[in-house]
Engineer: 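Below you will find the structure I want to go over with you.
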Amino acid sequence: MKKLISLVMAGLMLFSVLALASCKKEPNPNPEPSKTEASATTAESDNNPIPDRTFDGKTFTMLCREARVSQFDIDKDKVASKLDSAVYSRNKLVEQNHDINIKMITCPDGDSKHKGVEFNQRLETSSLSGCLDYDVVAPDYYWGCETKGYFTDLLELPNLDFESPWWWSAWNDCFTIGGKLTSAVGWLTLDIVQGMEVVYFNKTMADALEVGDLYEKVRSGEWTIAEMRTLSIKAADLDQATPVYGTILHYMGMRNMIYSLGAQLSTYDEDGNVQFTFNTAKNQTVADTLRAWVFDGVGDVFYCSYDKEVGHNLGVNENPIETAQMFAENRALFYCYGIKTAELLATKHDSLDFGILPAPTLNSGDPLVSTTFGTSYFSIERGRTEDQKDFASFILEALNYYSYTMVKDVYYQQVLKLQYADDLEDSEMIDFVIENAYLDFAYLTDNYTGHLLSYMEKSIVEGTGLDSRWESISTKAQTRLQDYIDGYKKEKVD
């Protein structure tokens, strides 16, 4: 059972910082703390950068996903955790400091075939009726709302300071296209952190196999795909009645490894326009490396796939409840899944002693890279008046700032680290993961710009070269990319 950490250690962890990487820059393996990072962890900071403005009881209305509303607002009588309490306190502080009322309007995601349809319909209705209903909207990144001409350029709104640490530069740089940003992500949502991918390892098996200090391998730059493969093969015992695998690799975990090994499916030209880079030599090396281990190896990897138009289905289970059970039963040394799965592992498997690592690199000394599977973002409708945009952007900035000073540490330090990853080494590894966040435009727009990441994954599974794959998909992908950019730069709703 994972031991409780002492209060002294907990205090030490509160000093860790997040230095977020941009998707347009090479990830930094040893990032320095941001010089602009606020030192305060409470709303009473002497360095409070939010101006003292009041709005005479005006209502701030945000349209958000029903599945995410607890991040943005919660009723007092429904507060059931430290995180709930922090969200409630943040909103009350913003309401009191600026004399406003916060109102959330929720929208269901829809079923698997209609996700985001109702949200887009509400935005279309709002746009056609004069954009009177919502100050800020927060759709899911996968719904393509930013391509319909609904949203204003957030870089033109002076209340929003995207250089500040309460905004995620990893997203905001990635979606600054041709000098324009219509969707932004900050600490008002926890989605990016909760969606980060990691590598769990079974400490009981690691000790029995004498694999050495895996944390030190990360620190020294020796945590490579070759090292992970060697240990995975060492751990596997497929001849048992109940086979033991070296690695349980969820398809999102492999997508994370595609990036941790250095692949880039898109870059930017000197004018900030997106360019696809699907079939580069580096990407082919990454594909070949993963193919050789996961599919052409000795069978030590239990690969959890899925089924979709350009995907594949190997007939194995992607359900984390069942694969987590396998991991807890000492049937795999490594388990590659999202960081939020730490809650499942810690609360449902008391006897499991697990550790957390970032995904491996391709070569010794390469920078660590981690990615996330998605997030909500924040936008302001184009059709609102300048006064309305001023009000909306001011409160949006305030909510992200107070989320950074009041909510971030409750989740990041007290919940994620203390409750689910309670060893100092695991906390250090979580910092490595978050500090080296990398987002690829082609990944985040996969559903709208030609499924490049899905096709790279498919090429790895099938052993197809990227050149031949690109030849078959490039025309469609380039057309979809241009359609996306045209929609992104659209000046009005059709």
Engineer: Under a 4.0 Å N-O cut-off, is there an ion pair linking Glu462 with Arg469?
Structural biologist: yes
Engineer: Backbone N or O of Gln264 within a donor-acceptor pair of the Thr277 side chain at under 3.5 Å?
Structural biologist: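 Judged by distance alone, yes, a pair lies under 3.5 Å.
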Engineer: So, do Ile177 and Lys180 sit near enough that their side-chain heavy atoms are less than 4.5 Å apart?
Structural biologist: no
Engineer: Short question: side chain of Tyr268, backbone of Cys174 - any donor-acceptor pair under 3.5 Å?
Structural biologist: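 Yes; judged by distance alone, with no hydrogens or angles, the pair exists.
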Engineer: What is the ring orientation for Tyr141 with Trp171, classed by angle as parallel under 30°, tilted 30 to 60°, or perpendicular over 60°?
Structural biologist: perpendicular
Engineer: If you count the non-hydrogen atoms of other residues, nucleotides and ligands that lie under 6.0 Å from CG in Asp52, is the total more than 12?
Structural biologist: no
Engineer: Test your reading of the model: is there a side-chain donor-acceptor pair from Ser379 to the backbone of Thr182, 3.5 Å cut-off?
Structural biologist: yes
Engineer: According to side-chain hydrogen bond (donor to acceptor under 3.5 Å, both in side chains), who are the partners of Thr147, at least two apart in sequence or on a separate chain?
Structural biologist: none
Engineer: Are Thr54 and Asp99 close enough that a side-chain donor and a side-chain acceptor fall under 3.5 Å?
Structural biologist: no
Engineer: Return the minimal non-hydrogen interatomic distance between Val199 and Pro360, and the atom names on each side.
Structural biologist: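 Here Val199 and Pro360 meet closest at CG2-CD, 4.4 Å.
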Engineer: For the backbone of Lys417 and the side chain of Asp426, can you confirm whether one donor and one acceptor N or O come within less than 3.5 Å of each other?
Structural biologist: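 Flag not set: sc Asp426 to bb Lys417 has no pair under 3.5 Å.
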Engineer: According to side-chain contact (heavy atoms from CB on, under 4.5 Å), who are the partners of Thr361, at least two apart in sequence or on a separate chain?
Structural biologist: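 So Thr361 forms a side-chain contact (heavy atoms from CB on, under 4.5 Å) with Thr224, Asp366, Leu368.
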Engineer: Checking Arg255 against Glu197 for the salt bridge (Lys or Arg N to Asp or Glu O under 4.0 Å) test, could you report, in this order, the C-alpha distance in whole Å, the side-chain angles of both residues, the deciding distance, and whether it holds?
Structural biologist: CA-CA 9 Å; Arg255 290 182 171 194; Glu197 297 288 322; over 6 Å; no
Engineer: Glu66: which residues meet the salt bridge (Lys or Arg N to Asp or Glu O under 4.0 Å) condition with it, sequence neighbours left out?
Structural biologist: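 In terms of salt bridge (Lys or Arg N to Asp or Glu O under 4.0 Å), with neighbours along the sequence ignored, Glu66 is linked to no residue.
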Engineer: List for me each residue that meets side-chain hydrogen bond (donor to acceptor under 3.5 Å, both in side chains) alongside Arg68, sequence neighbours excluded, and say none if there are none.
Structural biologist: Asp191
Engineer: Find the distance between CG (Asn400) and OG1 (Thr405) and round it off to the nearest 0.5 Å.
Structural biologist: 10.5 Å
Engineer: Verify, without hydrogens or angle tests, whether Asp153 (side chain) and Leu181 (backbone) share a donor-acceptor contact under 3.5 angstrom.
Structural biologist: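 Yes, Asp153 side chain to Leu181 backbone: donor-acceptor pair under 3.5 Å.
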Engineer: With sequence neighbours excluded, tell me which residues meet side-chain contact (heavy atoms from CB on, under 4.5 Å) with Thr445.
Structural biologist: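 Partners of Thr445 by the side-chain contact (heavy atoms from CB on, under 4.5 Å) criterion, ordered by chain and then number, come out as Phe175, Phe441, Thr449, Tyr484.
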Engineer: Hydrogens and angles aside, do Asp440 and Thr371 bring a side-chain donor and acceptor to less than 3.5 Å of each other?
Structural biologist: no
Engineer: If I take atom CG from residue Asp133 and atom CD1 from residue Ile105, how far apart are they, to the nearest 0.5 angstrom?
Structural biologist: 6.5 Å
Engineer: Trp187 and ring-ring contact (aromatic ring centres under 6.0 Å, His included): which partner among Trp166, Trp168, Trp167?
Structural biologist: Trp168
Engineer: Treating Ser126 as the side-chain partner and Arg122 as the backbone partner, does any N or O pair qualify as donor plus acceptor under 3.5 Å?
Structural biologist: no
Engineer: Do the side chain of His98 and the main chain of Arg53 share a donor and acceptor less than 3.5 angstrom apart?
Structural biologist: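 Confirmed, His98 side chain pairs with Arg53 backbone.
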Engineer: Verify side-chain contact (heavy atoms from CB on, under 4.5 Å) between Phe119 and Leu63, making sure each step is shown before the conclusion.
Structural biologist: CA-CA 9 Å; Phe119 207 105; Leu63 176 66; 3.6 Å; yes
Engineer: Cation-pi between Lys58 and Phe391: NZ/CZ under 6.0 Å from ring centre and within 45° of the ring axis?
Structural biologist: yes
Engineer: Looking only at atom types and distance, does a side-chain atom of Asp269 sit under 3.5 Å from a main-chain N or O of Asp271, one as donor and one as acceptor?
Structural biologist: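 It does hold such a pair.
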Engineer: Is there a donor-acceptor pair closer than 3.5 Å between any side-chain N or O of Tyr200 and the backbone N or O of Ile339?
Structural biologist: yes
Engineer: Any luck finding a side-chain donor-acceptor pair between Asn48 and Tyr402 under 3.5 Å?
Structural biologist: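 Note: Asn48 and Tyr402 side chains meet the donor-acceptor criterion.
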Engineer: Give a yes or no on whether the backbone of Tyr448 and the side-chain of Arg480 come within a donor-acceptor separation of less than 3.5 Å.
Structural biologist: no
Engineer: Set out, in order, the CA-CA distance, both residues' side-chain angles and the distance that settles side-chain contact (heavy atoms from CB on, under 4.5 Å) for Val136 and Leu399, then state yes or no.
Structural biologist: CA-CA 12 Å; Val136 169; Leu399 285 169; over 6 Å; no
Engineer: What verdict does the side chain to side chain donor-acceptor pair (under 3.5 Å) test give for Glu124 and Asn120, after you've listed the backbone C-alpha separation in whole Å, the side-chain angles of each residue and the deciding distance to 0.1 Å?
Structural biologist: CA-CA 6 Å; Glu124 181 178 7; Asn120 268 293; over 6 Å; no
Engineer: Can you name the nearest heavy-atom pair linking Ile74 to Tyr88, along with the distance?
Structural biologist: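 Closest approach of Ile74 to Tyr88, heavy atoms only: O-CD1, 3.4 Å.
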Engineer: Do Phe55 and Phe394 have ring centroids that are under 6.0 Å from one another?
Structural biologist: yes
Engineer: In Å and rounded to the nearest 0.5 Å, what is the CG to OG distance from Asp446 to Ser454?
Structural biologist: 3.5 Å
Engineer: Any chance you could lay out the side-chain contact (heavy atoms from CB on, under 4.5 Å) test for Leu123 and Phe151, step after step, and finish with the verdict?
Structural biologist: CA-CA 10 Å; Leu123 287 174; Phe151 304 142; 3.8 Å; yes
Engineer: Can you pull the salt bridge (Lys or Arg N to Asp or Glu O under 4.0 Å) pairs that have at least one residue in residues 84-97, sequence neighbours excluded?
Structural biologist: Lys92-Glu95
Engineer: Step by step, would you call Tyr377 with Thr189 a side-chain contact (heavy atoms from CB on, under 4.5 Å)?
Structural biologist: CA-CA 8 Å; Tyr377 62 69; Thr189 177; over 6 Å; no
Engineer: If I take atom OG from residue Ser376 and atom OH from residue Tyr142, how far apart are they, to the nearest 0.5 angstrom?
Structural biologist: 15.5 Å
Engineer: Is a side-chain donor-acceptor pair under 3.5 Å present for Tyr335 with Thr323?
Structural biologist: yes
Engineer: In terms of heavy-atom contacts, does CD of Gln275 have more than 12 from other residues, nucleotides or ligands at under 6.0 Å?
Structural biologist: yes
Engineer: Can Asp135 and Arg384 be counted as an ion pair, charged N to O under 4.0 angstrom?
Structural biologist: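 Looking at Arg384 together with Asp135, the answer is yes, because their closest N to O distance falls below 4.0 Å.
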Engineer: Find out whether Cys304 and Ile248 are in side-chain contact, i.e. whether some heavy atom of one side chain is under 4.5 Å from a heavy atom of the other.
Structural biologist: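 Cys304 vs Ile248: side chains touch.
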Engineer: Considering all heavy atoms of both residues, which atom of Met196 and which atom of Val433 are nearest to each other, and what is their separation?
Structural biologist: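 In terms of heavy atoms, the two residues are closest at CE-O, 3.6 Å.
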Engineer: Indicate the atoms forming the closest heavy-atom contact of His114 with Asp111, along with that distance.
Structural biologist: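 Where His114 meets Asp111 most closely, the heavy atoms are ND1-OD1, 2.7 Å.
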Engineer: Regarding Lys148 and the six-membered ring of Tyr150, is the cationic atom NZ or CZ under 6.0 Å from the ring centre and inside 45° of its axis?
Structural biologist: no
Engineer: Among side-chain atoms of Gln284 and Asp288, is any donor-acceptor pair under 3.5 angstrom?
Structural biologist: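 Yes, Asp288 and Gln284 have a side-chain donor paired with an acceptor closer than 3.5 Å.
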